[in-house]
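What you see below is based on every heavy atom in this structure, not just the backbone, and it leaves out hydrogens, waters and symmetry mates. Here is how names work: the chains are called A, B, and so on, in the same order as the sequence lines, proteins then strands, and each is numbered from 1.
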Amino acid sequence: MTHSTDAELLQAAKDLLGQHIVMPGFRARIVETEAYGPADPGCHAYRGVTPRTQVMFDKPGLAYTYFTYGNHWMFCVTCLKPGTAGAILIRAAVPIEGHEEMRKRRPKAKKDQDLLNGPGKLCAALQINQSHYALDLTQSNGTLWLETGERPRKIRTGTRIGLAQGKGDLLPWRFWSAEDEPHVSRPLTNP
DNA sequence: AGTGTGATTATCT
DNA sequence: GATAATCACACTT
């Protein structure tokens, strides 16, 4: 509801573009993110603290992982001050290291650009799951963390994908790197 | 290239 | 008991 909080949230989403997701044997550059904030009906934390959402009320830089649609894990990064729920969904990345193992985990991917071009695909290829919940991503912890990368030259924005709640707002809270569009999830434009 | 639908389970009402 | 921040596949154009 407060403008400064929204600005902080959206800045966090843009700042994650270009950062590297690092795991032993794996490295990928983030090219697509989506913001979820307080006072946001599309955010899981909108209705308050639950066992699943509690990490979003903790400090910035933690992993919020959850399982959905009976099939898929999602990977988010918390981004607002303690007590204020906010998280950025990591929707797509470019593989840098670990292609071979990623392909084994995603045998249906036809090309390298299909390995990580969606939030569920990304978690499948990197095997991100409940074991990473609330992990501190701001330091090299030997498991899963983030490192500074190359900031994209141009950032494009759009409305969020796949929501049941909060899509009426048509918030332009989806961000991606213009020069990496082949690696971004579809659809690129969302009516 | 676009539309529609089934899969399958943790989470919350 | 209903729902879901998705994916893959089967269609149609």
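A donor-acceptor distance shorter than 3.5 angstrom exists from the side chain of A:E32 to the backbone of A:S185, with no hydrogens or angles considered.
For A:K108, whose side chain is taken as the heavy atoms from C-beta onward, the closest listed nucleotide among C:dA5, C:dA8, C:dT6 is C:dA8. Among the nucleotides B:dT11, C:dA5, C:dT6, the one closest to the side chain of A:T50 is B:dT11. Comparing atom distances between the A:K121 side chain and each of B:dT11, C:dT6, C:dC7 picks out C:dC7 as nearest. Closest contact between the side chain of A:P51 and the listed nucleotides B:dC12, C:dA8, B:dT8 involves B:dC12.
Atom CZ of A:F67 is separated from atom P of C:dT3 by 19 Å (rounded to the nearest Å). The CD1 atom of A:I90 sits 14 Å away from the P atom of C:dT6 (whole-angstrom rounding). The distance between atom CG of A:N129 and atom C1' of B:dT8, rounded to the nearest whole Å, is 17 Å. Atom CZ in A:R52 sits about 12 Å away from atom C1' in B:dT9, given to the nearest Å. Atom C1' of nucleotide B:dG6 and atom CG of A:N71 are separated by 10 Å, given to the nearest angstrom. The NE2-P distance, from A:H72 to C:dA5, rounds to 13 Å in whole Å. In this entry the distance linking CZ of A:R186 with C1' of B:dT3 reads 17 Å, nearest Å. One can place CZ of A:R160 at 11 Å from P of C:dT6, the figure rounded to the nearest angstrom.
Phosphate proximity of C:dA8 to A:R106: present, with a side-chain N or O under 4.0 Å from OP1 or OP2. For A:R91 and C:dT6, the shortest distance from a side-chain N or O to OP1 or OP2 is below 4.0 Å. Checking the phosphate oxygens (OP1, OP2) of B:dT11, no side-chain nitrogen or oxygen of A:H44 falls inside 4.0 Å.
With respect to A:K81 and A:E8, no salt bridge is recorded, no charged nitrogen being found less than 4.0 Å from a carboxylate O. The existence of a salt bridge linking A:R160 and A:E34 is excluded, since no basic side-chain nitrogen approaches an acidic carboxylate oxygen closer than 4.0 Å.
The environment of CZ in A:R186 is crowded: more than 12 heavy-atom neighbours from other residues, nucleotides or ligands sit within 6.0 Å. Counted within 6.0 Å of CD on A:Q130, heavy atoms from surrounding residues, nucleotides or ligands total more than 12; the atom is thus considered enclosed.
Residue contacts for A:G70: at a heavy-atom cut-off of 4.0 Å it reaches a base atom on one of the strands shown.
At a cut-off of 3.5 angstrom, counting only N and O atoms as typed in the model, there is no donor on one side facing an acceptor on the other between the side-chain of A:Y69 and the base of C:dA5.
In this structure, A:Y36 forms an aromatic stack with the base of C:dA5, since both conditions hold: centre separation below 5.5 Å and plane angle below 30°.
A 3.5 Å limit on both hydrogen-bonding distances identifies C:dG1 as the Watson-Crick or G-U partner of B:dC12.
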